[in-house]
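Following: one structure in structure tokens, then a few remarks.
Values below: all heavy atoms of this structure, side chains included; hydrogens, waters and symmetry mates excluded. The first residue of the sequence shown is numbered 1, and numbering continues consecutively from there.
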Amino acid sequence: MSHTPADSPLLIVEDDALTRAFLVEHLAADGYDPVEAATVAEALEELERSSPCLVLSDLTLPDGSGFDVVARIRSADGIVSRVDPATPVVLLTGRDSEIDRVRGLERGADDYVVKPCTCVIGTGSFRKASRP
């Protein structure tokens with residue numbers, strides 16, 4: 001199932017309120033319909049509710065990890081659950097070690113972007129990941 005920014009929300013999973021607000025503002029200006037989650041639990045609820053075109057997730061969250069979000073998406077059947085297992089996921093995190101990048105990609109993330117990043121780099125990565 002492919003989506004475009006105009007027809008489906010983009011889920012931002014970020015526990016830092018300022019970073020989340022920054023992402024919401026800039027992605028809305030780029031034509032996305034951002035929805036927000038501050039925890040893994042909120043992200044899982046929002047995945048079922050909104051069927052996002054793309055998930056942008058921090059790795060370090062108060063109740064788990066962005067890896068948990070990726071695992072839930074990739075294990076979905078897309079039938080009983082409204083979660084599409086092909087939903088693109090970009091991990092956006094301050095963890096910049098090579099092993100974290102490899103783990104993220106091996107666990108099913110479509111891209112791994114290290115914070116801080118410029119809006120141009122981030123938006124380019126998000127567009128690339130959300131292409132059909």
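- Here side chain to side chain donor-acceptor pair (under 3.5 Å) pairs that include residues 88-105, with residues two or more places apart or in two chains, are R95-D100, S97-D100.
- In this structure, the side chain to side chain donor-acceptor pair (under 3.5 Å) partners of T19, at least two apart in sequence or on a different chain, are D16.
- G104 and Y112 make their closest contact through CA-CD1, 4.4 Å (heavy atoms, listed as atom of the first residue, atom of the second, distance).
- Nearest approach of C53 to P88, heavy atoms of both residues: O-CD, 3.2 Å.
- What you find for S51 and P9 is that their closest heavy atoms are O-CD, 4.3 Å.
- The distance from atom CG of L59 to atom OG of S65, rounded to the nearest 0.5 Å, is 5.0 Å.
- With values rounded to the nearest 0.5 angstrom, L27 atom CG is found 5.0 Å from I12 atom CD1.
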> What's the verdict on side-chain contact (heavy atoms from CB on, under 4.5 Å) for L11 and T87, showing C-alpha distance, side-chain angles and the deciding distance?
Replying inline: CA-CA 11 Å; L11 176 57; T87 301; over 6 Å; no
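- Residue pairs meeting the salt bridge (Lys or Arg N to Asp or Glu O under 4.0 Å) criterion with at least one member in residues 57-70, sequence neighbours excluded: D58-K115.
- Remark: E48 pairs with R72, S81, R82, V83 by the side-chain contact (heavy atoms from CB on, under 4.5 Å) rule, at least two apart or across chains.
- With rounding to the nearest 0.5 Å, the separation of CG in L44 from CD1 in I73 is 8.5 Å.
- Shown here for G66 and S57, the closest heavy-atom pair between the two residues is CA-OG, 3.6 Å.
- Residues satisfying the side chain to side chain donor-acceptor pair (under 3.5 Å) criterion with R74, sequence neighbours excluded, are D110.
- Note that the CG atom of L61 and the CG atom of D15 stand 5.5 Å from one another [nearest 0.5 Å].
- Looking only at side-chain heavy atoms (C-beta outward), V89 and V69 stay at 4.5 Å or farther from each other.
- Residue pairs that meet the side chain to side chain donor-acceptor pair (under 3.5 Å) test with at least one member in residues 35-46, sequence neighbours left out, are R20-E36, E46-R49, E46-S50.
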